Amino acid sequence: MSLWERAKKVLPPVAARSTQLGIVEGHGSYLYGEDGRKYLDFASGVAVCNVGHNHPEVVQAIREQLGKLVHGGHNVVYYEPYVALAEEIVSMTGGDTMVYFSNSGAEANEGALKLAKYVTGRPALVAFSGAFHGRTLGAASITTSNASFRKKYEPLLPSIYFAEYPYCYRCPFGRKQENCSMECLGQFDCLFSRAVDPSQIAAMIIEPVAGEGGYIVPPAPFMQGLYEICREQGILLIFDEIQTGFGRTGKMFAYEHLKYRPDIMTCAKGIANGLPLSAIIARRDLMEQWPAGAHGGTFGGNPLACAAAKKVVEILRGGGLDNAKKMGSYLLAKLNAFKSRYKSIGDVRGTGLMLGVEFIDGEGGPNGNLVHAILDYCIGHGLILLSCGPHKHVIRFICATTVTKQEIDDGLAILEAALQTAEA
């Protein structure tokens with residue numbers, strides 16, 4: 001009996017799964033199934049194994065820490081991996097920040113919202129359409145990538161307002177690049193005058209590259225304008241870097257592609273390459289206003305996870321980031337070549353190794369059915385890919401930062417065969 005068949009008897013259906021694969025081992029860009037097959041993994045555990053499955057140096061760091069301390073409780077004692085990782089992250093983010101560790105992306109986002117509300121004394125929050133920030137009640141309150149994440153859980157957190165995310169390929173304001181007047185920035189005049197006075201807004205939270213919403217890269221002028229609006233109105237700017245952080249975009253953090261830092265940033269997923277760890281990173285002057293007992297937890301900053309994360313940073317700085325840029329550019333060029341050959345590809349976008357391909361039907365609408373068929377073919381031929389977007393019409397490429405040119409070529413050969421089969 002397969003793992004999937006056994007699981008159906010004991011696990012609830014609530015956690016939607018992308019495949020029925022049973023996996024017994026993973027190394028680098030590959031997973032090995034209980035069926036004896038080898039799978040090229042371009043999902044990386046949903047942007048978690050950013051330096052590849054079971055990277056030997058990460059495994060060794062975990063083993064060494066395992067022999068010293070498994071859990072101490074960060075609210076009881078201090079221990080070396082916790083403090084050392086915090087020092088490393090502060091150094092990477094300008095030297096004037098502080099870090100709070102928790103377990104998951106949703107938990108980090110919840111904490112970031114609490115921090116913003118606490119230090120500003122303001123009640124309201126602004127999030128963006130299509131965003132995914134997590135599944136806990138607070139995080140679900142600012143999530144609109146799919147209505148199913150909110151269905152039957154209302155009432156949710158109050159005083160949440162939504163703005164349109166700048167999705168240029170399908171502009172929510174009906175504009176094209178040649179006639180764009182940056183209505184995506186102008187919308188805040190309407191929001192502030194009709195829905196919520198800016199003096200009541202604690203923070204705006206945004207993904208610097210939209211993840212679950214479709215792997216959308218917002219234009220730099222929008223991000224600059226958003227930053228300036230927040231500065232003018234005393235609104236804290238939160239970047240959800242849960243998926244973009246730790247090398248995914250070719251830089252350690254996506255904000256490094258811009259000319260400024262957010263006030264607060266959240267990270268998880270790739271931070272510890274598979275061990276549960278997340279972080280709230282914020283300006284020191286904000287963190288110092290968050291007193292003892294205003295937030296907390298039991299398992300955050302686990303010694304094993306912190307040791308793993310410290311090694312992940314070392315690997316990324318030692319060549320992982322450079323490889324992500326190089327291989328990301330190579331993969332992007334190959335995908336753009338596919339776009340010129342296949343009419344079902346409407347858009348190719350992304351940065352580093354966070355790339356998305358949007359599929360369209362004959363009318364130019366989102367084509368989730370085609371994506372489903374392509375993903376099924378790929379799984380059947382040894383390639384793991386994931387979809388995203390509100391209609392599951394975007395295929396996302398989340399290769400490990402350690403991926404090789406040959407692995408990319410192997411994966412694209414399977415993808416092209418899937419495209420040819422699906423279009424036929």
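Just so you know, these numbers come straight off a predicted model, no measurement behind them.
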Undergrad: When the ring planes of His71 and Phe299 are compared, do they come out parallel, tilted or perpendicular, using 30° and 60° as the limits?
TA: tilted
Undergrad: Any chance CZ of Arg194 has more than 12 other-residue heavy atoms, nucleotides or ligands included, within less than 6.0 Å?
TA: no
Undergrad: Between the side chains of Glu183 and Gln187, is a donor N or O closer than 3.5 angstrom to an acceptor N or O?
TA: no
Undergrad: Looking at Leu157, is its backbone amide N or carbonyl O close enough to the side chain of Ser141 to form a donor-acceptor pair, meaning the two atoms are under 3.5 Å apart?
TA: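 A pair under 3.5 Å: yes.
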Undergrad: Do Phe132 and Phe149 make the cut of ring centroids closer than 6.0 angstrom?
TA: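 When the ring centroids of Phe132 and Phe149 are compared, they turn out to be within the sub-6.0 Å range.
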Undergrad: So, taking the atom named CG in Asn54 and the one named OH in Tyr30, what distance separates them when rounded to the nearest 0.5 Å?
TA: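 It comes to 15.5 Å.
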Undergrad: Below 4.0 angstrom, N of the basic side chain to O of the carboxylate: do Glu256 and Arg261 qualify?
TA: no
Undergrad: Would you please test Tyr255 and Phe239 for ring pair (Phe, Tyr, Trp, His ring centres under 6.0 Å) and show each step?
TA: CA-CA 8 Å; Tyr255 83 80; Phe239 274 11; 7.3 Å; no
Undergrad: Does the side chain of Met354 come within less than 4.5 Å of Thr244's, by heavy atoms?
TA: yes
Undergrad: So, for Gly214 and Cys388, which heavy atoms are closest and what is the spacing to 0.1 Å?
TA: CA-SG, 3.7 Å
Undergrad: Where do Arg396 and Glu212 land on the salt bridge (charged side-chain N to carboxylate O under 4.0 Å, His left out) test, with the steps shown first?
TA: CA-CA 9 Å; Arg396 45 181 158 172; Glu212 181 72 21; 3.1 Å; yes
Undergrad: Please step through side-chain contact (heavy atoms from CB on, under 4.5 Å) for the pair Cys378 and Ile374, ending with a clear verdict.
TA: CA-CA 6 Å; Cys378 288; Ile374 290 170; 4.2 Å; yes
Undergrad: Answer with yes or no whether the side chains of Ser104 and Ser278 bring together a donor and an acceptor at under 3.5 Å.
TA: no
Undergrad: Does Thr266 reach the main-chain N or O of Ile242 with its side chain, forming a donor-acceptor pair under 3.5 Å?
TA: no
Undergrad: Going by atom types only, do His257 and Thr249 share a side-chain donor-acceptor pair under 3.5 Å?
TA: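 Side chains of His257 and Thr249: pair found under 3.5 Å.
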Undergrad: How long is the gap from OH on Tyr165 to SG on Cys184, to the nearest 0.5 Å?
TA: 10.5 Å
Undergrad: With a 4.5 Å cut-off on side-chain heavy atoms, are Cys171 and Lys176 touching?
TA: no
Undergrad: With ring pair (Phe, Tyr, Trp, His ring centres under 6.0 Å) as the test, would you mind laying out the steps for Tyr100 and His74 before giving the verdict?
TA: CA-CA 10 Å; Tyr100 178 84; His74 72 275; 5.6 Å; yes
Undergrad: Under the side-chain contact (heavy atoms from CB on, under 4.5 Å) rule, what do Ile408 and Val403 come out as? Steps first, then yes or no, please.
TA: CA-CA 7 Å; Ile408 289 175; Val403 71; 4.0 Å; yes
Undergrad: Below 30° counts as parallel, above 60° as perpendicular, anything between as tilted: where do the rings of Tyr79 and Tyr82 land?
TA: perpendicular
Undergrad: Is the side chain of His55 donor-acceptor paired with the backbone N or O of Glu57 at a distance under 3.5 Å, no angle test?
TA: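 Answer holds: yes.
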Undergrad: Let's go through Lys311 and Glu314 carefully: what are the C-alpha distance in whole Å and the side-chain angles of both, what is the deciding distance for salt bridge (charged side-chain N to carboxylate O under 4.0 Å, His left out) to 0.1 Å, and is it a yes or a no?
TA: CA-CA 5 Å; Lys311 184 57 67 172; Glu314 185 180 318; 3.2 Å; yes
Undergrad: Does Arg122 use its side chain to pair, donor to acceptor, with the backbone of Ile201 at less than 3.5 Å?
TA: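 Checking the backbone N and O of Ile201 against the side chain of Arg122, a donor-acceptor pair under 3.5 Å is found.
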Undergrad: Hey, could you give me the CD1/CG distance between Ile384 and Leu31, rounded to the nearest 0.5 Å?
TA: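 Nearest 0.5 Å value for the CD1-CG distance: 4.5 Å.
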Undergrad: Can you see which heavy atom on Val51 is nearest to which on Ala400, and at what distance?
TA: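 Looking at all heavy atoms of both residues, the closest pair is C-CB, 4.4 Å.
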Undergrad: Grab the two heavy atoms, one from Pro218 and one from Val209, that are nearest each other, plus how far apart they are.
TA: CD-CA, 4.3 Å
Undergrad: OG/Ser387 to OH/Tyr215 distance, rounded to the nearest 0.5 angstrom?
TA: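 Here the interatomic distance stands at 11.0 Å.
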Undergrad: Report the C-alpha separation of Asp41 and Ser29 in whole Å, then their side-chain angles, then the decisive distance to 0.1 Å, and conclude whether the side-chain contact (heavy atoms from CB on, under 4.5 Å) test is met.
TA: CA-CA 5 Å; Asp41 181 15; Ser29 294; 5.8 Å; no
Undergrad: Are the charged groups of Lys405 and Asp409 less than 4.0 angstrom apart, N to O?
TA: yes
Undergrad: Of all the heavy-atom pairs spanning Ala307 and Pro81, show the shortest one and how long it is.
TA: N-CB, 4.0 Å
Undergrad: Can you confirm whether the side chains of Asp240 and Asn109 place a donor and an acceptor under 3.5 Å from each other?
TA: yes
Undergrad: Could you tell me whether His372 atom NE2 has more than 12 heavy atoms of other residues or ligands within 6.0 Å of it?
TA: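 Counting neighbours around NE2 of His372, 12 or fewer heavy atoms of other residues, nucleotides or ligands fall under 6.0 Å, so no.
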Undergrad: Quick one: do the Gln289 and Asp285 side chains pair a donor with an acceptor below 3.5 Å?
TA: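 Gln289 vs Asp285: no donor-acceptor pair found between side chains.
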Undergrad: Just checking, any donor-acceptor pair under 3.5 angstrom between side chains of Tyr342 and Gln420?
TA: yes
Undergrad: Do Thr120 and Leu236 make a side-chain contact, defined as non-hydrogen atoms from C-beta onward lying under 4.5 Å apart?
TA: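 Thr120 vs Leu236: side chains touch.
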Undergrad: Between atom CG of Leu258 and atom CZ of Phe253, what is the distance when rounded to the nearest 0.5 Å?
TA: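 The CZ atom of Phe253 is 14.0 Å from CG of Leu258, to the nearest 0.5 Å.
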Undergrad: For Ile160, does the CD1 atom have more than 12 heavy-atom neighbours from other residues, nucleotides or ligands under 6.0 Å away?
TA: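 Correct, the count exceeds 12.
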Undergrad: What are the two closest non-hydrogen atoms of Ser340 and Ala337, and how far apart are they?
TA: OG-O, 2.6 Å
Undergrad: Report the residue from Glu87, Glu80, Glu88 that forms a salt bridge (charged side-chain N to carboxylate O under 4.0 Å, His left out) with Lys310.
TA: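 The passing option is Glu88.
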Undergrad: I want to check something: taking the side chain as every heavy atom from C-beta on, are Val348 and Leu332 in contact at a cut-off of under 4.5 Å?
TA: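 Yes - at least one pair of side-chain heavy atoms lies under 4.5 Å apart.
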Undergrad: Output, in order, the C-alpha distance, side-chain angles, deciding distance and verdict of side chain to side chain donor-acceptor pair (under 3.5 Å) for Thr144 and Ser129.
TA: CA-CA 6 Å; Thr144 53; Ser129 60; 5.6 Å; no
Undergrad: If the condition is salt bridge (Lys or Arg N to Asp or Glu O under 4.0 Å), which residues does Lys117 pass it with, not counting sequence neighbours?
TA: none
Undergrad: Restricting to non-hydrogen atoms, name the atom on Ile62 and the atom on Ala308 that form the minimum distance, rounded to 0.1 Å.
TA: CG1-CB, 3.9 Å
Undergrad: Can you confirm if the NZ or CZ of Arg248 lies within 45° of the ring axis of Phe246 and under 6.0 Å from the centre of its six-membered ring?
TA: no
Undergrad: Considering only NZ, NE, NH1 and NH2 on the basic side and carboxylate oxygens on the acidic side, decide whether Arg283 and Asp263 come within less than 4.0 Å.
TA: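 Yes, Arg283 and Asp263 are salt-bridged.
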Undergrad: Are Val90 and Val99 packed together at the side-chain level, in the sense that at least one heavy-atom pair is separated by less than 4.5 angstrom?
TA: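 They are in side-chain contact.
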Undergrad: Is a donor on one side and an acceptor on the other found under 3.5 Å between the side chain of Arg150 and the backbone of Thr143?
TA: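 Yes, because the side chain of Arg150 sits within donor-acceptor range (under 3.5 Å) of the backbone of Thr143.
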Undergrad: Given side chains that start at C-beta, do those of Phe359 and Asp347 come closer than 4.5 Å, heavy atoms only?
TA: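 Side-chain contact under 4.5 Å: no.
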Undergrad: To the nearest 0.5 Å, what is the distance between CE (Met327) and CG (Leu355)?
TA: 12.0 Å
Undergrad: Please determine if Glu358 and Arg349 form a salt bridge, counting it only when a charged side-chain N lies under 4.0 Å from a carboxylate O.
TA: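 Salt bridge present between Glu358 and Arg349.
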Undergrad: Look at the side chain of Ser44 and the backbone N and O of Val46, then say whether any donor-acceptor pair between them is shorter than 3.5 Å.
TA: no
Undergrad: Start with the C-alpha distance between Leu385 and Phe397, add both sets of side-chain angles, then the distance that settles side-chain contact (heavy atoms from CB on, under 4.5 Å), and finish with yes or no.
TA: CA-CA 7 Å; Leu385 288 165; Phe397 294 79; 3.7 Å; yes
Undergrad: Quick check: do Asp361 and Asn369 have side-chain heavy atoms less than 4.5 Å from each other?
TA: no
Undergrad: Do the non-hydrogen side-chain atoms of Lys251 and Leu321 ever get within less than 4.5 Å of each other?
TA: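 A side-chain contact under 4.5 Å is absent here.
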